[in-house]
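Contents: one structure, followed by commentary.
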Amino acid sequence: MSPTTVRILIAVFFVVHGLMYASLTAVPMPEPGGLRTPFWPSFWRPSVDNHWLAARLGLPGGAVAAMGSVLWMLALAGFVLAGLGLLGIPGLREIWVPVSGAAAAVSLVLFLFYWHPWYVAGAAINVAVLIGIWQNWPAALFAQA
């Protein structure tokens, strides 16, 4: 596979990974005693899930939702912008590496405070992104297009 193909595949993966965050805002609040599903805080939900670490810090529900919403938007935007930069969009092409690293780090913080067991795969992806950046691998991706 050529470096260009790998670059495009990773770019599309970053965009899709970012958009996965948006999809989780549509998951309904878990019913008491029902199946626990991943659930993000969002601006349009007044309620919070009391199983989150963030909810157990003693903060008011609005602060828990606001903190989650800000982290959620940063992770979503960061991965989408990193993917667009990797595709060579001017202005983003030069900064996709630090943007993807910041998005992965913010996402890990988000997962920490709003954890659900289904997030294991997402956390692994974020760790892999950080390791990939740290190791500068594959080097062909990091060369300017």
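These numbers were taken from a predicted model, which means no experiment stands behind them. Keep in mind that the numbers below use all heavy atoms, side chains included, and drop hydrogens, waters and symmetry copies.
Looking at heavy atoms from C-beta onward, Leu108 lies out of side-chain contact with Leu112 at the 4.5 angstrom threshold. Between Leu92 and Val99, the closest side-chain pair of non-hydrogen atoms is not below 4.5 Å. Proximity of Leu9 to Thr5: side-chain heavy atoms (C-beta onward) are separated by under 4.5 Å at one or more points. Contact of the Leu19 side chain with the Phe79 side chain is not registered, since no non-hydrogen atoms from C-beta on lie closer than 4.5 Å. Residues Trp115 and Leu53 form no side-chain contact, since every pair of their non-hydrogen atoms from C-beta on lies 4.5 Å or further apart. Proximity of Trp96 to Leu81: side-chain heavy atoms (C-beta onward) are nowhere separated by under 4.5 Å.
To the nearest 0.5 angstrom, Arg93 atom CZ is 11.5 Å from Leu87 atom CG. Considering NE2 of His17 and OG of Ser100, their distance stands at 10.5 Å, rounded to 0.5 Å. Atom CZ of residue Phe13 and atom CD1 of residue Ile125 lie 3.5 Å apart, to the nearest 0.5 angstrom. Here the straight-line distance linking atom CG of Asn126 with atom CG of Leu110 works out to 9.5 Å at 0.5 Å rounding. Interatomic distance, CE of Met67 versus CG of Leu57, reported as 6.0 Å (0.5 Å rounding). Of the inter-residue distances, the one linking Leu130 atom CG with Ser107 atom OG reads 9.5 Å to the nearest 0.5 angstrom.
Taking each heavy atom of Leu86 and Ala11 in turn, the nearest pair found is CD2-N, 3.5 Å.
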>> If you apply the rule ring-ring contact (aromatic ring centres under 6.0 Å, His included), what do you find for Trp72 with Tyr21, and how did you get there?
In response: CA-CA 7 Å; Trp72 163 73; Tyr21 293 86; 8.5 Å; no
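Panel note: side chain Tyr114, backbone Ala55; no donor-acceptor pair is recorded below 3.5 Å. Ser23 contributes a side-chain N or O that, together with a main-chain N or O of Met20, makes up a donor-acceptor pair within less than 3.5 Å.
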